[in-house]
Amino acid sequence: MRYSRALIPSLREVPKDAVTPSHILLLRAGYMRMAGAGIYELLPLGLRVLHKIEAIIREEMNAAGAQELLMPALLPAEYFRETGRFDSFGDALFRLRDRRGNDYHLGPTHEEIITDLVRRDVRSYKQLPLNLYQIQMKFRDEPRPRAGLLRGREFLMKDAYSFDVDEDAARKSYEIMRETYRRIFDRIGLEYRIVAADSGAMGGSTSAEFQVLTQTGEDRLVACEKCDYAANVEVAEVRAEAIEPGSAPLKEVETPDKRSIEEVAEFLGVKPEETIKSLLFVADGETVMAIVRGDHEANEIAIARLAGANEIRLATEDEITEATGAPVGFAGPVGFKGKIFVDRDAAAVKDAVAGANQLDRHVTGVNFDRDYQGELGSIRFAEEGDGCPRCEGTLRSYRGIEGGHIFILGTHYSENMGATFLDPDGKAKPFVMGCYGIGVSRLLATAIEQNHDEDGIRWPVSIAPFSIVLAPIGKNAEVLAAAEALYEELVAAGLEVLYDDRDERPGVKFKDADLLGIPFRLVVGGRGLEKGVVEFKARDSKETEEIARDGIVEELKRRIENAKS
RNA sequence: CGGGGCGUAGCGCAGUUUGGUAGCGCGCACGGUUCGGGACCGUGAGGUCGGAGGUUCGAAUCCUCUCGCCCCGACCA
């Protein structure tokens, strides 16, 4: 591609509305433009990268035996009505109506549509397993689109759906997808962790997120330094400490107007981790107490799970007073009448300090089992420095962006929609399904989050829009002719070259080359020409080197291949 | 949805407090000098000041309503 003919509207200044690195750089380097909140136009450069990512995904999905198809983006409401999601999806659904007054919506995901297709056209166990996927725009009216392509209202997604005869077979399909995803993320060149996550309302016991590690991610993760354990903090387990009773007697103490853990700990001269925090929640209408160690953060989702509750929220001040007989800040488990859920690490605190359920009073010498009882569980967020639940290692915390999510759906959709096949005995059975998503446009931005510096983007070679940027320096006719000839030769050899034939000063060309993030730069100049060499520089290196003009094509191909692995 | 911020030329901004009919830098076009890390000089094109209504002799500026965008939070198969 000749730069002089390309639409690459790079910006010298940072667009005001962009904050996140990928958002800033995609705009600045001329890869995309905004059309509305969470809606973007991909320019030629951006589309080239997207196509690279898609190609890798297609190759690996096809190699795994999945078949590509294309479902509609505009969907009649009847499909989502069948499973109740036309209503339950709520405001996130873009709804519309046709001229006859029928309801439609734009597809935010396609479980129902694919399930309908399969129930109509797949009838026998002999046709299974089946894995169908598409790469298509998804539409979700996000409550808050943000960070450019990282969370848009329209985004490109690869979604695959597997259909199997039973749970075992479904698990095999799931494992194949897990390995396929590993290859895809490896080939794109992303640093990621496969983490356990909350399956959400979709149900299904087995699920894993492919979290790309970044500074700016929306998700908080912990991963073990030693083994490959990794999890979203929402569901992360930690190595529990042994519970041994302490020996101090239970004793009430005055704590005038000391309510927070910090205040109480300071006042009594103890560390926050020597106290226990008593929080009151309303779980499915019942007021319950949750106990975590003073320095820990309670995890509502985990508490709800332990309590077996569908809905949970913090209790109001009035509810706290009613349940404990004391104002906020003095709740404690000793003598509490309702249900108590206790985090294992809180139970392990010997001779702890806790609220006394009386104004301006706490109790010391509190020990689990001896002084209070409750259901034990893991109900706090994991933190940096916690012990790994699987090995002797220590957990470290990260921020991540969810690039992919795989899970076994079971028969939720097939049963609700009556999607069945006949087994060898002629019996109708529901398909056991799995679904597997990759945020394709999100990955484009994620790759930048992980690969950039103060000068611009640093694309992994595998998804760079061009692998080489070729720039002649000066106006010398011989130099221009030599660069032109080299360009033709490289293109003929199948290399993807951005030829900077613009009548610009060297500094401008270099700055743009860095900003666009092309992995390799070739500079043709008068001096090198006489010596029969061309200047070579990698985007991620400060050094330039000279490589011989003769045999340059093979040399470049070799370097590009090396950089991919 | 709650809190905060912002809409003035393609991009970044000043001008708004104290009304007087719009300006700077970059970019763009043309001419000239330059040419290895975003050159310099000159000339020029380009703006319904987000929109509607109101106050006023006069509104980018004051008032009312409204639309849009960004950030934090809530939410997020």
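Reminder, nothing fancy here: chain letters follow the sequence lines and each chain counts from 1.
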Colleague: Any side-chain heavy-atom pair from A:Ile406 and A:Tyr181 closer than 4.5 angstrom?
Modeller: yes
Colleague: Kindly indicate whether the side chain of A:Ile438, heavy atoms from C-beta on, has any atom under 4.5 Å from the side chain of A:Leu443.
Modeller: yes
Colleague: Using atom C1' of each nucleotide, how far apart are B:G51 and B:A59 to the nearest Å?
Modeller: 15 Å
Colleague: Are more than 12 heavy atoms, taken from residues, nucleotides or ligands other than A:Arg2, located less than 6.0 Å from that residue's CZ atom?
Modeller: yes
Colleague: Do A:Trp459 and A:Tyr31 have ring centroids that are under 6.0 Å from one another?
Modeller: yes
Colleague: Would you tabulate the nitrogen or oxygen pairs shorter than 3.5 Å linking the protein to nucleotides 5-11 of chain B?
Modeller:
unit_1: B:C6; atom_1: O2'; unit_2: A:Lys16; atom_2: NZ; d: 3.4

Colleague: How far, in whole Å, is B:G10 from B:A29 if one measures between their C1' atoms?
Modeller: 14 Å
Colleague: Looking for any heavy atom pair under 4.0 Å, which part of the strands does A:Ala147 touch: base, sugar-phosphate only, or nothing?
Modeller: sugar-phosphate
Colleague: Verify the ring-centre separation between A:Tyr499 and A:Tyr487: is it less than 6.0 angstrom?
Modeller: yes
Colleague: Using atom CZ of A:Phe139 as one end and atom P of B:C76 as the other, report the distance to the nearest whole Å.
Modeller: 22 Å
Colleague: From B:G36, B:G38, B:C76, pick the nucleotide closest to the side chain of A:Phe510?
Modeller: B:G36
Colleague: When the P atoms of B:U21 and B:C26 are compared, how many Å lie between them, rounded to an integer?
Modeller: 26 Å
Colleague: Could you check whether any side-chain heavy atom of A:Asp91 comes within less than 4.5 Å of a side-chain heavy atom of A:Asp141, counting everything from C-beta outward?
Modeller: no
Colleague: Choosing from B:C69, B:G37, B:G38, which nucleotide comes nearest the side chain of A:Val508?
Modeller: B:G38
Colleague: Does any part of the side chain of A:Leu522, heavy atoms only, come nearer than 4.5 Å to the side chain of A:Glu535, both counted from C-beta?
Modeller: no
Colleague: Ignoring the backbone of A:Tyr40, work out which of B:C70, B:G38, B:G37 is nearest its side chain.
Modeller: B:C70
Colleague: Please report the distance, rounded to the nearest Å, between CG in A:Asn232 and P in B:C76.
Modeller: 13 Å
Colleague: Under 4.0 Å, heavy atom to any atom of RNA chain B: which of residues 477-486 of chain A qualify?
Modeller: none
Colleague: Considering every strand shown, what is the Watson-Crick or G-U wobble mate of B:C49 when both distances are under 3.5 Å?
Modeller: none
Colleague: Which nucleotide in the list B:G38, B:A74, B:C70 gets nearest to the side chain of A:Ala37?
Modeller: B:C70
Colleague: Does A:Arg120 CZ have over 12 foreign heavy atoms under 6.0 Å away?
Modeller: yes
Colleague: For B:G68, which nucleotide is its Watson-Crick or G-U wobble mate, given both distances must be under 3.5 Å?
Modeller: B:C6
Colleague: Quick one: A:Asn476 CG to B:U34 P, roughly how many Å, whole number?
Modeller: 16 Å
Colleague: Distance between the P atoms of B:G68 and B:G25, in whole angstroms?
Modeller: 35 Å
Colleague: Nearest whole Å is fine: how far is B:G32 P from A:Asp503 CG?
Modeller: 13 Å
Colleague: Applying a 3.5 Å limit to both distances, which nucleotide forms a Watson-Crick or G-U wobble pair with B:C76?
Modeller: none
Colleague: Give the rounded distance in Å between these two atoms: CZ of A:Phe94 and P of B:C76.
Modeller: 17 Å
Colleague: Base, sugar-phosphate, or nothing: which does A:Lys475 touch, judged by heavy atoms less than 4.0 Å apart?
Modeller: base
Colleague: Atom CG of A:Leu515 to atom C1' of B:G37: distance rounded to whole Å?
Modeller: 13 Å
Colleague: Please evaluate the base of B:C70 for a donor-acceptor partner in the side chain of A:Arg146 within a cut-off of under 3.5 Å?
Modeller: no
Colleague: Just the rounded figure in Å: distance from C1' of B:C26 to CD of A:Glu504.
Modeller: 14 Å
Colleague: A:Lys138 or A:Thr20: which one's nearest nucleotide on RNA chain B is closer to the 5' end?
Modeller: A:Thr20
Colleague: We want to know whether A:Thr109 and A:Glu111 form a side-chain donor-acceptor pair, criterion being a heavy-atom distance below 3.5 angstrom.
Modeller: yes
Colleague: Can you tell me the Watson-Crick or wobble partner of B:G31, both distances under 3.5 angstrom?
Modeller: B:C41
Colleague: Which residues satisfy the ring-ring contact (aromatic ring centres under 6.0 Å, His included) test with A:Phe185, sequence neighbours excluded?
Modeller: A:Tyr192, A:Phe210
Colleague: Tell me: CZ of A:Arg220 to P of B:C76, nearest whole Å?
Modeller: 16 Å
Colleague: Before accepting this row, confirm whether a basic side-chain N of the pair A:Arg458/A:Glu449 lies closer than 4.0 Å to the acidic partner's carboxylate O.
Modeller: no
Colleague: Mind checking the P distance from B:U61 to B:U56? Whole angstroms is fine.
Modeller: 16 Å
Colleague: So which one's nearest nucleotide on RNA chain B is more toward 5', A:Met34 or A:Gly526?
Modeller: A:Gly526
Colleague: With rounding to whole Å, what would you report as the distance between B:A22 and B:C49 at their P atoms?
Modeller: 11 Å
Colleague: Whether the side chain of A:Glu535 and the base of B:G36 hold a donor-acceptor pair under 3.5 Å is what I'd like checked.
Modeller: yes
Colleague: Could you work out the separation of B:C6 and B:A74 based on their P atoms and round it to a whole Å?
Modeller: 24 Å
Colleague: Is it the case that the base of B:G27 and the side chain of A:Arg28 share a donor-acceptor contact (distance under 3.5 Å, atom types as modelled)?
Modeller: no
Colleague: State the pairing partner of B:G12; accept Watson-Crick or G-U wobble contacts with both distances under 3.5 Å, and report none otherwise.
Modeller: B:C24
Colleague: If pairing requires Watson-Crick or G-U wobble contacts with both distances under 3.5 Å, which nucleotide is the partner of B:U61?
Modeller: none
Colleague: Using the P atoms only, state how far B:C24 lies from B:C62, rounded to an integer number of Å.
Modeller: 23 Å
Colleague: Tell me if the CD atom of A:Glu543 is crowded by more than 12 foreign heavy atoms within 6.0 Å.
Modeller: no
